[in-house]
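The structure appears right after this line, and notes come after that.
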Amino acid sequence: MNRRGFIKSSSMIGMGAALGLSGLPYSMQSQTRRSAILGGKRSFNGTWHGWPVVGTPEEEELLKVLRSGKWCRLGSPTAPRFEDEYRKMTGSGHALATSSGTTALTTMLGALDIGPGDEVILPPYTFIATYNVIVQNYALPIFVDTDIESFQIDASKIESAITSQTRALMPVHIGGSPFDVDTVMKVASKHNLPVIEDACQAHFAEWKGKKVGNFGLGGAFSFQASKNLNSGEGGAIITNDKGFYNKCYSFHHQGQGSDAASLEPGSGTRGSNLRMTEFQAAILLAQMTRIPEQIKQRSENAAYLSGLLSEIPGIKPAKLYEGTTRSAFHLYMFRYNKEAFAGMDRSTFVRALNAEGIPCSTGYTSLTKEAYVHNLAKNKHYLKIYGERGMKQWLEQIACPVNDKLCEEEALWFTQTMLLGDRKNMDMIADAIRKISREAKAISKL
Ligand SMILES: *Cc1c(COP(=O)(O)O)cnc(C)c1O
């Protein structure tokens, strides 16, 4: 155990003593205690792991860039160093640093020359950026409903959403857990469609031992502050296709680049500035030294927590597909069934859990019900491109009832930082939920 870990776990023991907790396992202690929301003691009295983790490596890498005066990647060493390291850590042929996860996706859609009249398939259970990058190109976003067990795109429903206008599939490894890669890739290859993996939450997650982002034509990652790898803002593309890498490089660099002249027309005709700064790359290089330990911690805690929660009626951790050899656990996603909690609303359950000192979120609202999304049908450019009838038809077909049920009734999240702490924290989470379960009848009347 390192020094940090030792101090943390010994302060934990001290805390337990201060609370007068016996050596009993938490499950047995809880038999005698009331829910905090009913006036009992909080289950959680520790401290959650801080985020971001910062220290000497970050300071040293950042100061090196600052003092060098080379703050832009052009002709500078840091972004290329980061790319080389990220490429190696993901086992990929090429990596390209970008200014954000959104611009990593934008760059790939640009390299594919996705535009007006094209359809791109995406899941509704995702961060809105997945949708925005399609719409920014005036392409039509086509939603494929969610598999409620896994929270991932229901891969068995993709094929029926493909039309003669479909130009790409953009499935998301939501929560950091792989979607059903085998089924997605089978459909894609049957219809000869490129797959852009939105792996913005799935750093170093694995399907059958291979890192996600390596299965499609390209994979996008985000280094926004909440993500498992953090430089405030930032992103990256990985790909095993040299030609596609060249197109991406060119697009993210104003359509320029050493190979720009050799690019096919149609992909080398547009571009932007979506480059990563040297400062972002410096922070990432330092943060990446912490990754193996953090992966191990999240995986172990998540597996342990799933074991505890699976025992509680009405609580179901999100299913991991059989090919999953590692989830990044950006989110710890699980489902709540109020029938098993005396009909207690999910919002009351969250309040009760919060009262125990456990942060918990209901997660995404239903994307296909957002006014922001519905208003696309009234956008003047969309009306011009797809016609009134086309947009009316689009609106009539965007409903995703399974996803609605997940978003509105069942989904709950813990965040990745909660999985970085001590195993005792997991015991306290389960303890709190067991208390709420036991007193569900009383709490549901609040
Ligand atoms: C965070 C995220 C993005 C966007 O990344 P940014 O770096 O915030 O631009 C895209 N897709 C998903 C699924 C994300 O979670």
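Side-chain atoms are counted along with the backbone in the values below, which use heavy atoms only and exclude waters and symmetry mates. Atoms within each ligand, like the ligands themselves, are counted from 1 in listed order.
Geometrically, Arg270 does not engage Phe251 in a cation-pi contact, judged by NZ or CZ lying under 6.0 Å from the ring centre and within 45° of the ring axis.
Checked against the 6.0 Å centroid criterion, the rings of Trp413 and Phe334 do not qualify as a close aromatic pair.
Relative ring orientation between Tyr86 and Phe221 is described as perpendicular, the plane-to-plane angle rising above 60° on a 0-90° scale split at 30° and 60°.
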With ring-ring contact (aromatic ring centres under 6.0 Å, His included) as the criterion, how do Phe349 and Tyr336 come out once you've worked through the C-alpha distance, each side chain's angles and the decisive distance to 0.1 Å? CA-CA 9 Å; Phe349 175 82; Tyr336 171 76; 4.6 Å; yes
Using ring-ring contact (aromatic ring centres under 6.0 Å, His included), reason through Phe223 and Phe82 one step at a time and then give a plain yes or no. CA-CA 13 Å; Phe223 310 127; Phe82 160 72; 5.6 Å; yes
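The structure places CG of Asn214 at 10.5 Å from CD of Glu206, a figure rounded to the nearest 0.5 Å.
Within 4.0 Å of ligand 1, heavy atoms belong to protein residues Ser100, Gly101, Thr102, Thr126, Phe127, Ala129, Thr130, Val172, Asp198, Cys200, Gln201, Ser222, Gln224, Lys227, Gly234.
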